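See below for the structure under consideration.
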Amino acid sequence: MKARQTTFSDIEYGNRKRITKREEFLDIMDEIIPWEEWVEFVRPYYPSGKRGRPVKGIETMLRMYLLQTWFNLSDEGVEDAIYDSYAFRKFMKIDFMTEQVPDATTLLKFRHMIEKNHLGEEFFKAINRVMEATIINAPSSTKNAEKKRDPEMHQTKKGNEWKFGMKCNIGVDAGSGLVHSITATSANVHDITQAHKLIRKDDEVVYGDSGYLGIAKREEIRNDEHLANIEYRINRRPKSLPKVSDNAIDWERYIDYRKSAVRCKVEHAFKIIKDTFGFRKVRYRGIAKNFNKLNVLFACANLLMVKRVQKDFCPTKG
């Protein structure tokens with residue numbers, strides 16, 4: 001991708017006293033995304049441009065696609081946002097003197113190509129090769145023209161609240177906090193059924209909340225030599241913990257507290273997905289499309305976590 005020339009807008013905006021959090025975030029993501037590697041993942045599936053109208057550069061389309069993913073925008077919405085926002089325009093590296101923003105239809109085709117070829121999973125695997133789950137609500141617009149809900153989304157109860165949508169389960173490294181495995185299911189699928197898919201070949205200890213109680217007794221665990229020999233440190237349900245007198249040390253609750261101290265690292269990744277990227281409700285119909293998006297989001301979340309650690313240890317390097 002050609003270097004972007006400085007424009008009058010850049011000079012004008014460069015005289016501001018401060019930059020916005022959005023622009024700061026996009027500057028970080030521009031720095032940490034492995035653009036050349038991701039472009040090469042896309043290239044085998046991208047039109048050559050020998051027929052029909054000239055195609056936009058792969059990196060340009062990737063940048064537009066990531067803006068859409070990070071800010072949970074529609075195809076038309078991200079096109080408008082790039083025209084409206086200097087931070088978006090700067091991230092896209094577009095010079096309006098020589099080119100225009102790719103239109104919504106072009107982005108739609110690019111996104112479908114990413115989804116069809118499971119490139120979101122490739123992006124995630126390229127970033128990095130214990131368990132938890134979160135429920136991502138399906139918005140009311142998931143009903144189709146026949147007024148029927150998305151058949152792949154289902155209802156489940158979390159606490160005292162009923163949720164409708166899909167569920168994302170992730171495996172997180174207890175040391176680094178980075179996500180290493182992802183699954184996506186309907187919301188009514190129990191967490192424990194996904195556990196074996198989230199454990200790595202070299203894992204020796206696995207932490208999980210009370211939703212994973214009884215995991216060692218499951219058939220897919222008992223029938224696998226590696227999984228059967230893992231030590232499962234699962235939190236007990238609070239109501240099941242025995243009461244102790246005021247003068248006694250509550251060892252049971254202390255042990256569970258220590259388990260939670262390790263297991264809670266999974267929440268950091270979900271916090272980035274929900275708060276930084278704003279992904280609280282699915283935009284697309286069907287599990288597959290949203291699973292692709294989750295792979296891209298968690299890949300970017302891992303990169304962002306690594307960047308933050310580097311900044312904490314080397315503050316002078318930014």
Side-chain angles (χ1 to χ4, degrees), residues 1-2 4 7 9 22 26 29-30 33 35-36 38-124 136 138-148 150-153 166 184 277-297 299-300:
M1 191 172 185
K2 294 181 179 179
R4 180 172 171 271
T7 66
S9 294
R22 172 184 287 182
L26 290 176
M29 298 312 291
D30 185 26
I33 295 294
W35 295 110
E36 292 183 5
W38 285 17
V39 164
E40 291 308 312
F41 279 127
V42 175
R43 194 179 302 282
Y45 309 100
Y46 200 65
S48 63
K50 294 180 179 179
R51 295 182 180 181
R53 64 178 182 175
V55 296
K56 292 288 185 178
I58 297 176
E59 186 176 324
T60 296
M61 295 309 305
L62 260 177
R63 287 175 177 272
M64 190 174 186
Y65 171 72
L66 288 174
L67 285 175
Q68 178 184 47
T69 301
W70 294 332
F71 295 94
N72 208 24
L73 297 168
S74 66
D75 299 321
E76 293 80 7
V78 70
E79 181 185 0
D80 289 344
I82 294 169
Y83 282 113
D84 287 341
S85 168
Y86 171 77
F88 276 27
R89 204 159 59 244
K90 177 184 172 187
F91 179 79
M92 285 290 295
K93 299 184 182 296
I94 284 182
D95 182 357
F96 287 152
M97 297 293 291
T98 59
E99 61 180 321
Q100 295 297 307
V101 177
D103 59 35
T105 302
T106 302
L107 176 60
L108 173 66
K109 292 179 180 179
F110 183 82
R111 177 166 56 80
H112 284 176
M113 180 268 295
I114 294 285
E115 294 163 352
K116 178 182 178 181
N117 295 290
H118 308 290
L119 293 180
E121 295 175 57
E122 295 302 320
F123 295 157
F124 177 75
I136 304 167
S140 57
S141 60
T142 53
K143 290 187 177 181
N144 58 22
E146 287 73 40
K147 307 302 181 183
K148 296 179 181 178
D150 187 333
E152 296 186 19
M153 304 289 178
M166 64 175 286
F277 298 144
F279 187 54
R280 294 177 176 272
K281 289 189 176 182
V282 298
R283 175 169 294 280
Y284 311 122
R285 288 176 57 82
I287 300 295
K289 289 183 178 181
N290 289 293
F291 181 56
N292 178 82
K293 182 173 182 177
L294 284 164
N295 272 277
V296 176
L297 287 173
C300 295

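Counting begins at 1 with the first residue of the sequence. Predicted, not measured: the structure shown is a model, and the values here were computed from it.
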List the atom of [X], the atom of [Y], and the distance in Å for their closest heavy-atom pair.
X: D84; Y: R89; result: C-NH1, 4.4 Å
X: I33; Y: C300; result: CD1-SG, 3.9 Å
X: D103; Y: M64; result: O-CE, 4.4 Å
X: K293; Y: T69; result: CE-O, 3.7 Å
X: S74; Y: Q68; result: C-NE2, 3.5 Å

Would you say that [X] contacts [Y] through its side chain, given a criterion of any heavy-atom pair below 4.5 Å between the two side chains?
X: P102; Y: M92; value: yes
X: Q100; Y: Y83; value: yes
X: E79; Y: L107; value: no
X: F71; Y: L26; value: yes
X: F41; Y: N117; value: no
X: Y284; Y: N292; value: no
X: F88; Y: V101; value: no
X: L67; Y: L73; value: no

Find the distance between [atom1] ([X]) and [atom2] ([Y]) and round it off to the nearest 0.5 Å.
X: E59; Y: W35; atom1: CD; atom2: CH2; answer: 6.0 Å
X: T60; Y: E99; atom1: OG1; atom2: CD; answer: 6.0 Å
X: N295; Y: L119; atom1: CG; atom2: CG; answer: 10.5 Å
X: F291; Y: H118; atom1: CZ; atom2: NE2; answer: 9.5 Å
X: L297; Y: L66; atom1: CG; atom2: CG; answer: 9.0 Å
X: I58; Y: E40; atom1: CD1; atom2: CD; answer: 7.0 Å

Exercise. Check step by step if side-chain contact (heavy atoms from CB on, under 4.5 Å) holds for F123 and V42.
Key: CA-CA 10 Å; F123 295 157; V42 175; 4.0 Å; yes
Practice problem: Return the orientation label for the F110 and Y46 ring planes: parallel under 30°, perpendicular over 60°, tilted otherwise. | Solution: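 Ring orientation of F110 relative to Y46: perpendicular.
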Self-check item: Centroid-centroid under 6.0 Å between W38 and Y65 rings
Solution: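 That pair fails the under 6.0 Å test.
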Practice problem: Check for a donor-acceptor pair, side chain of R63 on one end and backbone N or O of F91 on the other, with a separation under 3.5 Å. | Solution: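 Yes; judged by distance alone, with no hydrogens or angles, the pair exists.
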Exercise. Take K109 and M113, measure what side-chain contact (heavy atoms from CB on, under 4.5 Å) needs, and give me the verdict at the end.
Key: CA-CA 6 Å; K109 292 179 180 179; M113 180 268 295; over 6 Å; no
